[in-house]
Chemist: 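What follows is a structure written as structure tokens; I'll ask about it next.
FYI, side chains are in, hydrogens and waters are out, and symmetry mates aren't considered; it's all heavy atoms of this structure. In what follows, chains are A, B, ... by sequence order, proteins preceding strands, each numbered from 1.
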Amino acid sequence: MKIKNLHRWDVTPKEAIEIQRNLQKRILLKNFSKDIHLVAGADAAFSTLDKLCFANVKPKSTLSKTKKIICQGAKKENLVHGAVCVFSFPDMELVEEKTATLPLKFPYIPGLLSFREGTVLLKCFEKIKNAPDVILFDGQGIMHPRKMGIAAHLGILLNKPAIGCAKSYLYGEFNLPANFKGAFEYVRDKNGELIGACLRTRKDVKPIFVSTGHKISLSKAIDIVLACTKRYRLPEPLRYAHRLAEITKQRYEKDY
DNA sequence: GCGACAG
DNA sequence: ATCTTGTCGC
């Protein structure tokens with residue numbers, strides 16, 4: 001897939017916020033999704049590995065020489081593993097999957113998630129050949145203090161319809177939805193503006209937060225999320241991407 | 001200043 | 001996210 005190169009990624013948190021303010025103007029809330037045949041899911045996993053290194057061992061007597069040995073634990077290597085999968089819609093059968101791993105260069109700061117996970121996910125999308133009609137992200141869309149959650153951010157760079165599908169709360173005001181599958185309550189910002197929905201994807205399970213990322217309406221986003229959700233809380237493409245990222249991480253830890 | 005805070 | 005044992009329920 002093609003990716004727009006609109007900004008740098010090696011930035012400070014302050015610069016990241018400035019980039020968000022800039023990109024925010026490009027968000028399209030109108031529906032651009034025609035017939036949907038392919039739905040993608042994108043997620044990331046993280047790992048901290050003990051980096052092998054050399055260390056000096058001090059001699060007990062002045063007669064023996066200082067020795068160098070291999071040891072562990074002196075340095076940590078932080079990695080981020082990305083996974084993107086493409087499913088047929090509405091059949092929910094796997095069509096393609098790609099992964100990537102990169103050194104982790106940005107801290108976790110609520111509101112700046114895309115600068116932590118975005119780079120590796122884009123690297124996955126670069127490899128994807130079956131361009132999806134819509135993408136599900138494990139995080140917020142415009143349900144975000146600057147309307148620039150990871151789904152909005154990457155949706156713009158990929159120029160694709162994108163949906164934010166977060167497992168927990170970040171921003172906005174809402175009431176809890178009723179306890180049945182498909183029940184939802186709108187989420188609004190401080191000005192009363194509609195920014196997303198708190199959606200119950202299963203009975204007796206904590207609801208998720210769905211919001212537009214890019215090029216899609218909220219009602220269409222809700223429809224798609226529900227259509228992709230079978231037996232579990234999260235839509236299938238996201239569950240699969242999550243598992244794939246976890247497997248990629250475990251391979252790295254084993255080969256280490 | 002205090003509380004909230006995607007993954 | 002990650003660290004971790006048991007436990008409730010289909």
Side-chain angles (χ1 to χ4, degrees), chain A residues 9 13 16-17 19-20 23-24 27 41-50 73 76-84 99-122 124 135-156 162-174 179 181 187-190 195-199 201-214 218 221 225 230-235 237-250 252-253 256:
Chain A
W9 288 96
I17 289 174
I19 289 171
Q20 289 185 327
L23 289 176
Q24 194 270 319
I27 297 175
D43 194 15
F46 304 86
S47 60
T48 304
L49 301 176
D50 286 329
K76 298 289 188 182
E77 175 150 77
N78 296 305
L79 300 175
V80 55
H81 312 274
V84 169
T99 66
T101 294
L102 288 176
L104 186 53
K105 293 183 176 177
F106 201 88
Y108 171 67
I109 300 171
L112 298 179
L113 182 65
S114 57
F115 288 87
R116 184 171 170 83
E117 299 188 354
T119 50
V120 77
L121 293 183
L122 288 179
C124 296
I135 307 168
L136 302 176
F137 287 93
D138 68 315
Q140 310 289 357
I142 63 169
M143 197 189 288
H144 175 284
R146 289 172 294 279
K147 293 181 165 58
M148 274 301 293
I150 189 166
H153 192 157
L154 298 192
I156 289 168
I163 299 171
C165 205
K167 299 184 292 298
S168 61
Y169 173 87
L170 173 66
Y171 178 79
E173 300 170 357
F174 67 103
N179 187 20
K181 177 173 180 173
V187 180
R188 300 172 187 282
D189 68 10
K190 295 169 185 174
I195 55 175
C198 182
L199 173 67
T201 53
R202 273 199 69 183
K203 188 177 184 297
D204 295 325
V205 163
K206 199 209 311 187
I208 65 174
F209 296 85
V210 175
S211 59
T212 296
H214 188 53
L218 177 58
V225 168
K230 277 291 187 182
R231 189 185 166 188
Y232 301 93
R233 180 162 87 118
L234 295 179
L238 279 183
R239 293 187 64 241
Y240 192 89
H242 188 277
R243 219 186 326 153
L244 184 55
E246 200 62 36
I247 290 170
T248 305
K249 165 189 164 181
Q250 287 174 10
Y252 263 79
E253 295 182 343
Y256 204 70

Chemist: Give a yes/no answer on whether the side chain of A:Lys167 brings an N or O atom under 4.0 Å of OP1 or OP2 in B:dA6.
Modeler: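 The answer is no; no side-chain N or O of A:Lys167 sits under 4.0 Å from OP1 or OP2.
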
Chemist: Measure from the side-chain heavy atoms of A:Pro110 and tell me the nearest of B:dG7, B:dC5, C:dT2.
Modeler: B:dC5

Chemist: Please answer whether B:dG7 and A:Tyr108 are stacked, defined here as ring centres separated by less than 5.5 Å and planes angled under 30°.
Modeler: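 Stacked: centres under 5.5 Å apart, planes under 30°.
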
Chemist: Distance check: side-chain N/O of A:Lys249 vs OP1/OP2 of C:dT2, anything under 4.0 Å?
Modeler: yes

Chemist: Can A:Lys147 and A:Asp189 be counted as an ion pair, charged N to O under 4.0 angstrom?
Modeler: yes

Chemist: Please pick, from B:dA6, B:dG7, C:dT2, the nucleotide with the shortest atom-to-atom distance to any side-chain atom of A:Glu246.
Modeler: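 Out of B:dA6, B:dG7, C:dT2, the nucleotide with an atom closest to A:Glu246's side chain is C:dT2.
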
Chemist: Grab the CZ-C1' distance between A:Arg239 and B:dG7 for me, whole Å please.
Modeler: 18 Å

Chemist: Given the rule in the ring-ring contact (aromatic ring centres under 6.0 Å, His included) test, do A:Phe46 and A:His81 qualify, once you have shown the distances and angles that lead to the verdict?
Modeler: CA-CA 6 Å; A:Phe46 304 86; A:His81 312 274; 8.3 Å; no

Chemist: Taking CG from A:Leu170 and P from C:dA1, how many angstroms apart are they, rounded to a whole number?
Modeler: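 A:Leu170 atom CG is separated from C:dA1 atom P by 15 Å.
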
Chemist: Whole angstroms only, please: what is the CZ-P distance between A:Arg231 and C:dC10?
Modeler: 12 Å

Chemist: How close or far is atom P of C:dA1 from atom NZ of A:Lys105, stated in whole angstroms?
Modeler: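 For the pair A:Lys105 NZ and C:dA1 P, the rounded distance is 24 Å.
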
Chemist: Using whole Å, what does the distance between atom P of nucleotide B:dC5 and atom CZ of A:Arg116 come to?
Modeler: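 Between P of B:dC5 and CZ of A:Arg116: 19 Å.
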
Chemist: From C-beta outward on A:Tyr169, which listed nucleotide comes closest to its side chain: B:dA6, B:dG7, B:dC5?
Modeler: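 Closest nucleotide to the A:Tyr169 side chain: B:dC5.
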
Chemist: On the ring face of A:Tyr171, is A:Arg146 found with NZ or CZ under 6.0 Å from the centre and within 45° of the axis?
Modeler: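 The answer is no; the distance or angle limit is not met.
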
Chemist: Whole Å only: how far is the CZ atom of A:Phe115 from the C1' atom of B:dA6?
Modeler: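 My rounded result for the distance is 14 Å.
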
Chemist: Counting any heavy atom closer than 4.0 Å, what does A:Tyr171 reach on the DNA or RNA strands: base, sugar-phosphate only, or nothing?
Modeler: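 No contact.
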
Chemist: B:dC5 C1' sits how many Å from A:Ile17 CD1, rounded?
Modeler: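 Interatomic distance, CD1 of A:Ile17 to C1' of B:dC5: 13 Å.
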
Chemist: If I take atom CG in residue A:Asp43 and atom P in nucleotide B:dA6, what distance separates them, rounded to the nearest angstrom?
Modeler: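 My rounded result for the distance is 15 Å.
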
Chemist: Indicate, with a heavy-atom threshold strictly under 4.0 Å, whether A:Gly111 touches base, sugar-phosphate, or nothing.
Modeler: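 Answer is base: heavy atoms of A:Gly111 come under 4.0 Å of a base.
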
Chemist: Have a look at A:Gln140 and say if it touches a base, only the backbone sugar-phosphate, or nothing, with a 4.0 Å heavy-atom cut-off.
Modeler: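 Contact class for A:Gln140: base.
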
Chemist: Taking OP1 and OP2 of B:dG7, is either one under 4.0 Å from a side-chain nitrogen or oxygen of A:Ser168?
Modeler: yes

Chemist: Quick check with a 6.0 Å cut-off and a 45 degree axis cone: is A:Arg239 positioned over the face of A:Tyr232's six-membered ring?
Modeler: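 Geometry flag: set, cation within 6.0 Å and 45°.
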
Chemist: If you only use heavy atoms from C-beta on, which nucleotide in B:dG7, C:dA1, B:dA6 is closest to the side chain of A:His242?
Modeler: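 Shortest atom-to-atom distance from the side chain points to C:dA1.
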
Chemist: Hey, which of A:Glu77, A:Glu246, A:Glu253 is the one that makes side-chain contact (heavy atoms from CB on, under 4.5 Å) with A:Ser47?
Modeler: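 The side-chain contact (heavy atoms from CB on, under 4.5 Å) with A:Ser47 is passed solely by A:Glu253 among A:Glu77, A:Glu246, A:Glu253.
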
Chemist: What does A:Leu121 touch in the nucleic acid at a heavy-atom separation under 4.0 angstrom: a base, only the sugar-phosphate, or nothing?
Modeler: nothing

